[in-house]
Amino acid sequence: MNLDGASIQFVGFGLATAVLINLRQLPRWRFTVLFASSVLFVASLGGDFRSFLPLAGFLAFGYLGLLLIRKQIWKALPLSIIALILIYAWLKKYTILPEASFLSFAYLTVGLSYIFFRVLHLLIESGQDEDRPHIGIGAYLLYTLNFTTLVSGPIQRFDEFERETPYLDIGVVATQLERIVVGFFKVNILAMLLHAVQQDALADLAHPLSQAVKLSAAFRLAVVYPFFLYANFSGYIDIVIALARLMRLELPENFDRPFSASSFLDFWNRWHITLSRWLKTYVYNSLLTALMRRVSDPRLHPYLGVLCFFVTFFLVGVWHGRTSEFIVFGILQGSGVAINKLWQVKLAKGVGNKRYRALAHKPLYIAFGRGLTFSWFAFTLFWFWGSWHEIDVAFGSLDLGAWLAVWLVIWLMATVILAAWESLRLKLLGMSVAGGPLFTHRYLRMMYASTLALLAFAITVLLNQAAPDIVYKAF
Amino acid sequence: MNWLSPKGSRRRDLLLMPMIGLLTITVISVTAELLARTRFYESPTNLNACLDDSDPTQGVRGKPNTVCHEKGLESADVEYRLDAKGYRSDTEPGPKQPAVYRIVLIGSSVAMGERVQLKDSIAALLAPRLSALTGRKIEVYNEAMAWGFARNASLRFQDALDVKPDLILWIVTPLDIARSEQTLVRLVDTTPTGSGVELLKNTILHDFRKYGGEIVIGQALRYYLYDFQSADESVRSSLQGKSADDESGFLRVAQGPVWQEHWADFTGHAQEMLARARAAGIPMAVAFAPNRVEAAMISVGSWAKDYDPYGIDSRLHRVVAADGGIFIELLPRFSNVADAQRFYLPIDGHPTTAGYAFLTDALVEQLTAGTIPALGAHAAGGT
């Protein structure tokens, strides 16, 4: 069964679990069904018995860390964290570790990154709050292996996971079914088409073609990938959030219209929200607090924020992969956020806080900031999707001047098009009929969802077309 | 946002909402089907009407002096005019003039130029291009024919020898090997196969075809989707779920028993034809033309370790060279183009007009590069 992607089988499996869970209202019943489904799900991902052992060992080590912290063993928290990070890097075969040390057999790593964040979160929270109630092994396993969040997140906090079951009525069910349809369409149709455009552009750059064709290919290559990644990742997240909601489980949102962000800092509040929130909580805040304790001069404090942002988002980038491309990706993410913060600090200092705030609210400033944010993100993604060879092919196909022209055009076009889209969106949402806004009216949404469902069915089932894998599954 | 209806209209919405959904799906489906039928339709007549397969000992042959029209789903209306010998050619070969270099083309549908007009076929394009490059008069007689897989080509081979050519050029495609033993297949109603969702899908499609005619929108969607796909995706979707015994099995490094059998059948016919050509003192060259997925793979330049798009070329080279034939290598040329799959009709798989022109250019390049000494670029003069 193909359950580790946004397949029909996965949606069917999730819906079947939701139906079973809702047969009885008892929390124990929900726990049992979800646990059984998650075990089945994990079992469907691996190979032989041995392939599950590293993951089982990782989970066992995490739980042992929790027990040691609870017993207040000396230095249990820092030692558990360091050991967990090392084991994680070892299991993920980070290239900084000696290759000879890695396990030689094939084993399951799908979802390991997300499990890592959840276990680390439990260790830190348990270490910081001695009065925190002990987490039983069953709850621990369900929290870490919950199949709705296993493959690509979102990274849910344990208190959110434990929160009281939200109410389910026909309206909620219909809304979630609509979200599944939209998500399925995004992953399986939209992402597939955008991926085709990106691959096509890369092929054009790799072949001996005219300068005009290559300029167009470079433009397409840079512009399309952010939208592909958004459709691929947010579509999957739409499906799992909706499935979980049908199981009376509320998952945190992971996206909030990221291409509307007017700055890179704002972008990371809207893109992979749960990852940036996790790192801001456990890296940025901790690091900033520690540094501020050591630096007494308050004039330097804003610059400490800049440094902490760099470190945090460098880690965001590095987390994505184990090769050197992702180190550059991390540096570019960290630099983007740090320069953005530095710009804010300097500008506020230069023109004064009041004038800076006024400027930051001007539509033209926002529009250019939005365009620049998109362009920078698109640029950084070259080190996200490409190997060094592919990056070399892409950048080597045109000279520096041509590439600068391409990025300038992307910035200007993103500025104009995204601003036009924001304005159009507001106008469309403002149009109303008797029952409220026209474009969010339930009848219109039914037509919209039916159209997407029809297209998705025709292409994935009748034409048997498989979409690209969920990109974030690999991390 | 919640879909919850206002209190007064909840009961009405329970009926109305599914109806809106159904109506939307119906309107879109019907409109799309009607639109698709304006472009993607098939003519009631086809090339098979010009073919005679009544005598198994003769294989499939063209009916002399017949004309057929065929419009495939993706292609334009194409005329197939067969000459007095039953081949698609506008000039019948008379006695050979001393200064003329004569090539007879044999093979199946690709060699014949199926799905394009005669003027766009390899045979029609090859003669003037070769003449212009070599500076000598070259005529190409097209004895290739649809369904002319190895067995049928062998059964018609005497026709090729009879016109006393200077060269017999056999254009081989993967289907020529996969269907070495096959003769003309008349379409018959088949029962749906598969299991689970696949069986359900096939049953629905089968019943639709049986009682409601062809669903054109499905093919139109497939066409646009395949046409839109990059070479990389084209390869992925073409090979997805295919076993080693499938018609794409020749691309695998380790070929299954079914393909081993295909190779054995093909090699038998190839050896027989090469031996007859050698006995008649006529050089015989074999060129391999890739299919859509293979061309896409070569264009991308990388593939999964279980596959090797050049493998069939090497194997065919060995078969041909072992019996004194000349092998003409066309595949490397596909690595110089981006998206080589665009040279083929996305669903049908035959080359497009541009595809036939590309194959012809590749052939001309190889034939004049010294592979055939008499056709070397500076080989003007007598035979």
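These figures come from a predicted structure and were not determined experimentally.
For a residue to count as touching a neighbouring chain, one of its non-hydrogen atoms must lie under 4.5 Å from one of that chain's; by this rule B:Asp232 touches chain A with the side chain only. Residue B:Val300 does not touch chain A at all, counting heavy-atom pairs closer than 4.5 Å. Only the side chain of B:Glu233 has a heavy atom closer than 4.5 Å to any heavy atom of chain A. Neither the backbone nor the side chain of A:Ala217 comes within contact range of chain B; no heavy atoms are under 4.5 Å apart. Heavy-atom distances place the side chain of B:Leu225, and not its backbone, under 4.5 Å from chain A. Contact annotation for B:Ser234: neither backbone nor side-chain heavy atoms come within less than 4.5 Å of a heavy atom of chain A.
Proximity to chain A at a heavy-atom threshold of 4.5 Å picks out B:Gly21, B:Thr24, B:Ile25, B:Ile28, B:Ser29 from residues 21-29 of chain B, in numerical order. Contact residues of residues 184-196 of chain A toward chain B are A:Met192, A:Leu193, A:His195, A:Ala196 (heavy-atom distance under 4.5 Å).
Here the CD atom belonging to A:Gln199 is positioned 10.0 Å from the CG atom belonging to B:Asp339, to the nearest 0.5 angstrom. The CZ atom of B:Arg342 lies 4.5 Å from the CG atom of A:Asp200; values are rounded to the nearest 0.5 Å.
Residue A:Asp204 comes nearest to B:Ala338 through the heavy atom pair OD1-CB, 3.5 Å, listed as atom of the first residue, atom of the second, then distance. The minimum heavy-atom distance linking A:Met446 with B:Pro18 is given by the pair CE-CA, 4.4 Å.
Summarising the local packing, CZ of B:Phe228 is surrounded by more than 12 heavy atoms from other residues, nucleotides or ligands at distances under 6.0 Å.
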